Visitor: 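Below are the structure tokens for one structure; questions will follow.
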Amino acid sequence: MITTQITVTDPVCGMAVDPSSSRRSEHEGRSYFFCCAGCQTKFESDPAGVLAARAEKEAAKKLGVDESTSCCGGGGRHGGSSSKASGSAADPGAIYTCPMHLEIEQVGPGDCPICGMDLEPKFVDMADHGDDEQYADMKRRFWVGVVLSVPLLIIAMGPMVGLRIAESMSPQVFGWLQWALATPVVFWCGWPLLVRGVKSFRSMNLNMFSLIAVGTLTAYLFSFVVVVLPGVVPEAFYENGVAPLYFEAAAVIITLVLLGQVLELRARQQTGGAIRELMQLTPQTATRITDDGDEEVPLDSVQKGDRLRIRPGEKVPVDGRVVSGSSRIDESMLTGEPMPVAKVGGDEITGGTLNQTGALVMEAVGVGGDTVLNRIVQMVADAQRSRAPIQKLVDVVARYFVPTVIGCSIAAFVGWAVWGPEPQLAHALVAAVAVLIIACPCALGLATPMSVMVGVGRGAKEGVLIKNAEVLEVMEKVDTIVVDKTGTLTQGRPEVTAIEALGDWNANDVLAIAASVETQSEHPLAQAVVRRARADGLKPIEAIDFNSITGRGVRARVGNQEVMIGNADWLEQQGIANVDEGRAKAGLYQSEGATVVIVAIDQSLAAVLAITDPIKESTPSALKTLHELGLKVIMLTGDAQPTARAVATKLGIDEFHAGVSPSEKHDFVRKLKAEGKTVAMCGDGINDAPALAEANVGIAMGTGTGVAIESAGVTLVGGDLRGVAAACHLSRKTMSNIRQNLFFAFIYNALGIPIAAGLLYPFFGLLLSPMIAAAAMSLSSVSVIANALRLRSAELS
């Protein structure tokens, strides 16, 4: 007979589900079915909204628009696109993911179907400052387990140390008392552990919870049979003429595993300290200016375009632009610089910075997930969940580990049952359960992600934002650092220090004309010209037909005059006469480290402008540290050869190349890689983006452009080259920490399993108790966690 399975559609994720075995909810007299609890929760929180969204997706499908969906429950991957707006932990529709298996995503909290770990929110909720519910629940279960397990342990093990608590009880009453104490521990306190274990066998993704479930349920069910039906237990299990009970072993194992879970969740909370510190920089409310006056509103209600009032001493709530007023803003949380920055109308300000002296009115430009601070927070969170390539080794081991352990447990049982001393089956059961418990691979699973989470968090506190764990691993292998000059080695705020007019031109006239052209350019040198003109009281006029030639210069028309500003080689290519005169004068300034631009008006030289960009105070010490780490430092700059040589000589840079265009920077990095070098490229401008993307690791100054930051694997929030040295230290210490953790985990299991199976018995007459095995298993996890947490205080300077 051919049967057809009837299926319906989950209205949340669109998955086809079997109504006979699915979750169900009623809405307006109709039944809806769901693939998981997360989908059901999301539906019940807003049925009308979910159904409307589903209708839109179905309509889009009919129109040929791709709206991919897939199962989001049971730990399956959620195929739909999810916005950050719906990603907060407080949202019932929030997407959760596994910190060890990033391919696992689902709507709502739960546990990973591969490793069994608690899932965590994929996107950070800037408004969520509450305690972790999973941690609180697991801690509650642990303490209940302690309260019940301690008296159970005393009752059961007391006779071994001379306590005769149960002498007045009959064996049956004694057994039922132990059952009464153990049952809540196993089936309430340990329920999440057992559920995960059962799920692992259903999906055949065997993990640590598989071993815990088999071991504890074996001990518990055997003891229950002894209490209820003592006559069916073979005499080979008897000890001193009585069938043994292992209730205390099952309860204590559960309690110790819960302790490990509590410590793990607590450690994961601590690794989020950097994120919480960043989140606390944002105020909870903002003062919005309306037609009816000022009103205080929650931060999440601020919309783009709103006008907000910032009083002295208040934090800037969102990213925006100053509309009126003037003040000084403390931007140290972004730049690391202690000096406040003056802000006037038209200047940009960043959410989370502190307004110091004056009152400002600002227009909101970046709100919610679009703020700089939110992007930083999300970058840190994503990096903490990312997987280092070394984790692949762990994955391969874990795939075969649990089945191997179960095989070892069966072999230990058979070996003791056949060749062991009396009581054979009792010894066999103890050895088999001990092998299962001591071999739980939680330490192995925690080794890499714990170090990555702590290391990334430590870097964030120093203003070093790591994009993902792979970057952290590659950074350790870097042997060559390539740096841009402007904004990386220097302050990135150059100033015109000399104006030498040529021919019949007057210096102020040339400066006013040059500023008229450079007003339309975003280049730091152009802005220096504009700032000097304003400082001298000169007013630029409108320039037309503006054109910028990257790495060469700019041209435009100011009034009836054609103006070209750039380097000598480019002006010579444009047919400007007497360029050699300008080149000679430029050489004098360049030998002192200044950058020179030449101004030509109506095909003749008009002036030479010397622009100096002061070297950052931190640059020499940062370069010294990089050299101490054994790294070669190469400077690439678009500046002229004499200027580049002066800066390189002053700073002791190993190698430099001048007059390099953006494409040539990219090609140079590629050439280094072809030579077998592992290259980190450090820059801050749009012109650095191709080289940043080509390098093994791109390092962007946080004070630079968004394009550069997007192209980089590491962002230095403060724009300080010392961050490069900190990133190198961080990567080396984190990878060393991971290797230490993996060593602990592998050695622990390599020694623990044979001992649990009875290796010491022939020599010392010792057979490991399952309770001792559980304690050892928990301690192995604690050792890995404690070792990873050492990174929180690692010295990165």
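Quantities reported herein were computed from a predicted structural model and do not represent experimental measurements.
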Visitor: Quick one: pull up CZ in F142 and CE in M138 and give me the separation to the nearest 0.5 Å.
Guide: 12.0 Å
Visitor: Between A251 and V185, what is the shortest heavy-atom contact and its length?
Guide: O-CG1, 3.5 Å
Visitor: In Å and rounded to the nearest 0.5 Å, what is the CG to CD1 distance from D319 to I349?
Guide: 9.0 Å
Visitor: Nearest 0.5 Å, what's the CD1-NE2 distance between I481 and H627?
Guide: 10.0 Å
Visitor: Determine the minimum heavy-atom distance between N741 and A788, stating which atoms define it.
Guide: ND2-CB, 4.0 Å
Visitor: Check whether any side-chain N or O of R458 sits under 3.5 Å from a backbone N or O of T734 as a donor-acceptor pair, and report yes or no.
Guide: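 Such a contact is absent between R458 side chain and T734 backbone.
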Visitor: Which distance, rounded to the nearest 0.5 Å, do you find between the CG of D300 and the OG1 of T285?
Guide: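 D300 CG to T285 OG1: 11.0 Å, rounded to 0.5 Å.
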Visitor: A213 and G197: which non-hydrogen atoms are nearest, and at how many Å?
Guide: CB-CA, 4.0 Å
Visitor: Between C682 and L721, is there a side-chain heavy-atom distance shorter than 4.5 Å?
Guide: yes
Visitor: Is it the case that atom CZ in F201 sees more than 12 heavy atoms from other parts of the structure closer than 6.0 Å?
Guide: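 More than 12 heavy atoms, drawn from other residues, nucleotides or ligands, come within 6.0 Å of this atom.
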Visitor: Excluding sequence neighbours, so at least two apart, what forms salt bridge (Lys or Arg N to Asp or Glu O under 4.0 Å) with R141?
Guide: D137
Visitor: Do R790 and Q740 come close enough that some side-chain heavy atom pair is under 4.5 Å?
Guide: yes
Visitor: Shortest non-hydrogen contact from A695 to G698?
Guide: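 The answer is CB-N, 4.5 Å.
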Visitor: Hey, are the side chains of V464 and L716 touching, using non-hydrogen atoms and a 4.5 Å cut-off?
Guide: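 Yes, side chains in contact.
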Visitor: Quick one: does K461's side chain have a donor or acceptor within less than 3.5 Å of a partner on R792's backbone?
Guide: no
Visitor: Donor-acceptor check, side chain of N696 to backbone of V679, threshold 3.5 angstrom: yes or no?
Guide: yes
Visitor: Please report the C-alpha distance between I466 and L730 in whole Å, then the side-chain angles of each, then the deciding distance to 0.1 Å, and finally whether the side-chain contact (heavy atoms from CB on, under 4.5 Å) criterion is met.
Guide: CA-CA 10 Å; I466 308 293; L730 178 66; 4.2 Å; yes
Visitor: Run the numbers on V478 and C728 for side-chain contact (heavy atoms from CB on, under 4.5 Å), then give the verdict.
Guide: CA-CA 8 Å; V478 166; C728 291; 5.6 Å; no
Visitor: Could you pull out all residues at least two apart from K477 that satisfy side-chain hydrogen bond (donor to acceptor under 3.5 Å, both in side chains)?
Guide: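 K477 satisfies side-chain hydrogen bond (donor to acceptor under 3.5 Å, both in side chains) with no residue once adjacent residues are dropped.
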Visitor: Quick one: are V302 and P317 in side-chain contact, heavy atoms under 4.5 Å?
Guide: no
Visitor: State, to 0.1 Å, how close L629 and A725 come at their nearest heavy-atom pair, and which atoms those are.
Guide: CD1-O, 4.2 Å
Visitor: So, for S621 and R722, which heavy atoms are closest and what is the spacing to 0.1 Å?
Guide: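 It is OG-CD, 4.2 Å.
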Visitor: Would you find more than 12 non-hydrogen atoms of other residues, nucleotides or ligands less than 6.0 Å from W188 atom CH2?
Guide: yes
Visitor: With a 4.5 Å limit on heavy-atom distance, are the side chains of T404 and C408 in contact?
Guide: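 Yes, close enough: below the 4.5 Å cut-off.
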Visitor: Would a 4.5 Å heavy-atom cut-off, applied to side chains only, mark V452 and I738 as touching?
Guide: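 The answer is yes; the side chains approach within 4.5 Å.
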Visitor: Is K733 reaching over with its side chain to a backbone N or O of E795, donor-acceptor style, under 3.5 angstrom?
Guide: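 A pair under 3.5 Å: yes.
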Visitor: Side chains of V316 and T350: does their closest heavy-atom pair fall under 4.5 Å?
Guide: no
Visitor: S149 side chain to V146 main-chain N or O, any donor-acceptor pair under 3.5 Å?
Guide: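 Between the backbone of V146 and the side chain of S149 there is no qualifying donor-acceptor contact (under 3.5 Å).
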Visitor: Taking atom NZ of K677 as the centre, does the number of heavy atoms from other residues, nucleotides or ligands within less than 6.0 Å exceed 12?
Guide: no
Visitor: Is the shortest side-chain heavy-atom distance between M475 and M735 below 4.5 Å?
Guide: no
Visitor: With side-chain contact (heavy atoms from CB on, under 4.5 Å) as the criterion, how do L299 and V318 come out once you've worked through the C-alpha distance, each side chain's angles and the decisive distance to 0.1 Å?
Guide: CA-CA 8 Å; L299 189 65; V318 295; 4.0 Å; yes
Visitor: Tell me every residue that passes salt bridge (Lys or Arg N to Asp or Glu O under 4.0 Å) with K632, counting only those two or more places apart in sequence or in another chain.
Guide: E655
Visitor: Rounded to the nearest 0.5 Å, what's the gap from CG on L631 to CG on L626? Could you check?
Guide: 6.0 Å
Visitor: How long is the span from the NZ atom in K315 to the CG atom in D330, to the nearest 0.5 Å?
Guide: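 Going from the NZ atom of K315 to the CG atom of D330 covers 10.0 Å.
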